[in-house]
Amino acid sequence: MQDLEYLSEGLEGRSSSPAALLFDTLLRPETDFLGDVDSVLNWKLEPEKAITHLVLGRDPPGGAWNAIEGSMITLSRGDWMGLPDLPFKEWIRMKRRNLRNDRSTAGDILNYYRYYVKKKGLEENFVSGTMVTSVVKVNRSTVNCRENEIFQMEVPYAEDSEEDRSMFQVNGFFENEFGTKQDFCVYAEKVILATGTYDSPSWLGVQGEDLPFVSHQISALEEAVKTHQVNPHSDPVLIIGAGLTAADAVLLAHHYNIPVIHAFRRRVNDPALIFNQLPQVMYPEYHKVHQMMKEQSVFKGGPYHGYISLPEHYVTSFHSDKKCNFKDKLGQCKTFNISMVLILIGSNPNLSFLPNNGTMLAIATNEPVNSKRNPLDIDLFTYECIQEKGLYAVGPLAGDYFVRFVQGGALAVASSLIKSQKRPP
């Protein structure tokens with residue numbers, strides 16, 4: 001294996017991970033300059049170097065893309081979503097489809113990832129419908145599965161040291177074909193955390209946030225539209241947040257002529273707003289939302305029928321009669337009638353299967369794990385957790401948010417795993 005630290009020295013780009021930048025630069029040269037230079041990587045399958053592994057997940061292959069409305073346009077360019085040895089553009093041409101502004105739909109991405117798993121012969125490695133409940137390190141001599149549990153996998157290795165004699169015990173359950181829950185128990189030398197960060201939506205922490213018409217996922221709006229719970233004659237849908245998910249909700253409601261009140265804490269001209277970081281040519285729909293936020297506020301009228309923005313407003317409470325109370329930056333109170341509420345202010349990873357919810361693995365061990373503010377503390381060239389040898393993290397847990405950079409993390413993990421097996425090169 002190559003020395004990733006040496007090869008990535010001096011690289012700069014949109015990721016803070018040297019391994020991610022290295023892989024991205026080799027796979028997509030000049031992509032940040034909208035160039036169309038072919039990859040400089042060649043791929044060769046070496047089955048003898050395969051590493052025995054299982055992928056445990058609640059959803060089928062595709063992960064979080066299973067939960068995203070299929071017609072939604074992706075933030076990233078389509079070719080940035082591609083995986084090794086099967087470019088996304090090549091797959092999309094097979095479907096005789098074109099990319100919109102070099103972007104694709106969430107449905108296309110999901111189908112591409114499922115096709116990739118099948119095409120590369122990885123289906124047997126995926127165990128879908130599973131829920132992991134605990135991951136703990138144990139001594140090999142204490143390994144013991146109960147009779148009603150399924151022993152899925154054990155990875156053999158040489159016992160050269162105290163560290164070599166330890167392994168991870170992964171417990172959980174899944175539903176069998178009869179719909180009943182069945183426990184499983186997996187023992188493995190290494191565990192890679194790739195859970196993403198969408199499991200636990202962030203809450204405001206205000207009165208009435210648990211009322212049935214208040215939701216923290218955009219899918220609730222999609223369902224309400226399909227079942228006609230909201231329509232052009234309803235009271236407005238209240239959308240809270242100033243990120244891209246909130247913008248997607250505004251666009252969805254606008255498409256169906258559903259009235260919207262859009263509330264957020266920032267100023268409309270705040271340079272930290274994500275809209276200011278997106279090229280207008282590639283992301284015209286998000287810039288349209290930003291324009292609406294600026295031109296159609298509660299303080300002044302505007303050309304956009306059925307939309308009102310509430311910049312620098314804070315929710316104080318929700319009530320069962322579907323009234324929502326706000327305070328503005330001057331402390332003045334306002335009340336609005338609404339039909340439903342979408343609180344789209346970000347999310348946190350669910351690491352309840354780890355001791356202390358994984359906080360001891362984070363950069364700040366006294367704070368909850370957060371992909372942006374407090375990711376897991378990893379070695380940048382192996383992605384192994386600093387505080388727990390044999391445990392790795394990739395994706396948002398390690399601070400990599402985009403698919404294009406996640407792959408470099410996977411490369412770092414694979415390099416580390418191969419080296420740890422002490423095989424000849």
Side-chain angles (χ1 to χ4, degrees), residues 197-198 200-221 224 229-230 232-254 258-277 286-348 367-368 370-374:
T197 186
Y198 299 104
S200 301
S202 298
W203 284 49
L204 293 171
V206 300
Q207 176 188 338
E209 194 168 356
D210 57 350
L211 287 168
F213 60 88
V214 180
S215 179
H216 297 79
Q217 296 179 326
I218 192 174
S219 57
L221 178 58
Q229 296 177 45
V230 293
H233 306 292
S234 304
D235 282 331
V237 171
L238 173 60
I239 298 171
I240 300 173
L244 296 181
T245 304
D248 285 334
V250 170
L251 290 168
L252 180 62
H254 192 63
I258 295 168
V260 166
I261 296 175
H262 184 194
F264 43 95
R265 297 182 178 185
R266 294 183 183 272
R267 296 176 289 112
V268 290
N269 58 351
D270 188 330
L273 284 176
I274 185 63
F275 309 103
N276 293 318
Q277 303 170 33
Y286 290 130
H287 282 275
K288 172 61 71 174
V289 172
H290 191 204
Q291 185 178 358
M292 293 164 67
M293 291 163 65
K294 290 187 290 186
E295 296 183 6
Q296 189 94 3
S297 76
V298 70
F299 305 113
K300 60 181 180 180
Y304 303 104
H305 176 71
Y307 174 90
I308 296 175
S309 74
L310 301 179
E312 299 180 86
H313 277 65
Y314 300 79
V315 174
T316 57
S317 60
F318 302 106
H319 299 276
S320 57
D321 59 356
K322 295 190 176 181
K323 292 184 184 294
C324 178
N325 296 330
F326 288 90
K327 275 189 178 180
D328 64 18
K329 63 180 179 179
L330 300 177
Q332 295 181 336
C333 297
K334 297 183 178 72
T335 300
F336 292 91
N337 293 321
I338 42 113
S339 58
M340 67 180 296
V341 181
L342 296 171
I343 301 173
L344 304 173
I345 56 173
S347 57
N348 296 296
E367 298 287 338
N370 182 280
S371 61
K372 293 183 179 179
R373 296 184 295 274
N374 192 31

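The residues of the chain are indexed from 1 along the displayed sequence.
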Does the Gln296 side chain pair with the main chain of Met293, one donor and one acceptor, at a distance under 3.5 Å? no
For the student: nearest non-hydrogen atoms of Ala247 and Phe275, plus distance: CB-CE2, 3.8 Å
Test your reading of the model: is there a side-chain donor-acceptor pair from Gln291 to the backbone of His287, 3.5 Å cut-off? no
Run the numbers on Val341 and Cys324 for side-chain contact (heavy atoms from CB on, under 4.5 Å), then give the verdict. CA-CA 9 Å; Val341 181; Cys324 178; 5.7 Å; no
Any donor and acceptor pair, going by atom type alone, linking the side chain of Ser347 with main-chain N or O of Pro201 inside 3.5 Å? no
What pair of heavy atoms forms the shortest contact from Leu273 to Arg266, and how long is it? CD2-CD, 3.5 Å
Would you say the side-chain atoms of Lys322 pair up with the backbone N or O of Ser339, donor to acceptor, closer than 3.5 Å? yes
When every non-hydrogen atom of Leu342 is compared with those of Ala249, the smallest separation belongs to CD1-CB, 4.1 Å
Quick check: closest heavy atoms across Pro232 and Pro259, and the distance to 0.1 Å? O-CD, 3.8 Å
Residues two or more places apart in sequence or in another chain: which of them pass ring-ring contact (aromatic ring centres under 6.0 Å, His included) with Phe318? none
Can you check whether Pro311's main-chain N or O pairs, donor with acceptor, with Ser309's side chain at less than 3.5 Å? no
Taking side-chain contact (heavy atoms from CB on, under 4.5 Å) as the test, write out the residues that go with Arg265, two or more places apart. Leu204, Tyr314
Mind checking whether Ile261 and Ile239 have side chains closer than 4.5 Å, heavy atoms only? no
Would you list the pairs meeting ring-ring contact (aromatic ring centres under 6.0 Å, His included) in which at least one residue belongs to residues 233-252, sequence neighbours left out? none
Could you tell me whether the side chain of Asp248 reaches within less than 4.5 Å of the side chain of Val250, counting heavy atoms only? no
Shortest non-hydrogen contact from Phe264 to Ala242? CB-CB, 3.8 Å
So does Asn337 get a backbone contact from the side chain of Asp235, meaning a donor-acceptor N/O pair under 3.5 Å? no
From Ser234 OG over to Gln229 CD, what is the distance, rounded to the nearest 0.5 angstrom? 9.5 Å
Kindly assign one of parallel, tilted or perpendicular to the pair Trp203 and His216, based on the angle between their ring planes and the thresholds 30° and 60°. parallel
Among side-chain atoms of His313 and Lys334, is any donor-acceptor pair under 3.5 angstrom? yes
For the CG atom of Leu344 and the NE2 atom of His262, what is their distance to the nearest 0.5 Å? 8.5 Å
A side-chain contact here means heavy atoms from C-beta on lying under 4.5 Å apart; do Ile308 and Phe336 qualify? no
Can a donor-acceptor pair be found, under 3.5 Å and without considering hydrogens, that links the side chain of His290 to the backbone of Val268? yes
Just by distance, no angles: are the side chains of Asn370 and Asn348 close enough, under 3.5 Å, to form a donor-acceptor pair? yes
Just so I know, are the side chains of Leu244 and Tyr286 near enough to count as touching, which here means a heavy-atom distance under 4.5 Å? yes
Could you check if a side-chain atom of Met340 sits within less than 4.5 angstrom of a side-chain atom of Val230, using non-hydrogen atoms only? yes
Is the CZ atom of Arg373 crowded by more than 12 outside heavy atoms at less than 6.0 Å? no
If you round to the nearest 0.5 Å, how far is CG of Leu310 from CD1 of Ile240? 9.5 Å
When you measure from the side chain of Thr316 to the backbone N and O of Asn325, does any donor-acceptor pair fall under 3.5 Å? yes
Are any of the side-chain heavy atoms of His319 and Gln207 separated by less than 4.5 Å? yes
With the side chain counted from C-beta on, respond yes when Ile338 and Lys323 share a heavy-atom pair under 4.5 Å apart, and no when they do not. no
Is it the case that the side chains of Tyr307 and His254 hold a donor-acceptor pair, with the cut-off being a distance below 3.5 Å and no angle test? no
Val260 vs Tyr304 side-chain heavy atoms within contact, under 4.5 Å: no
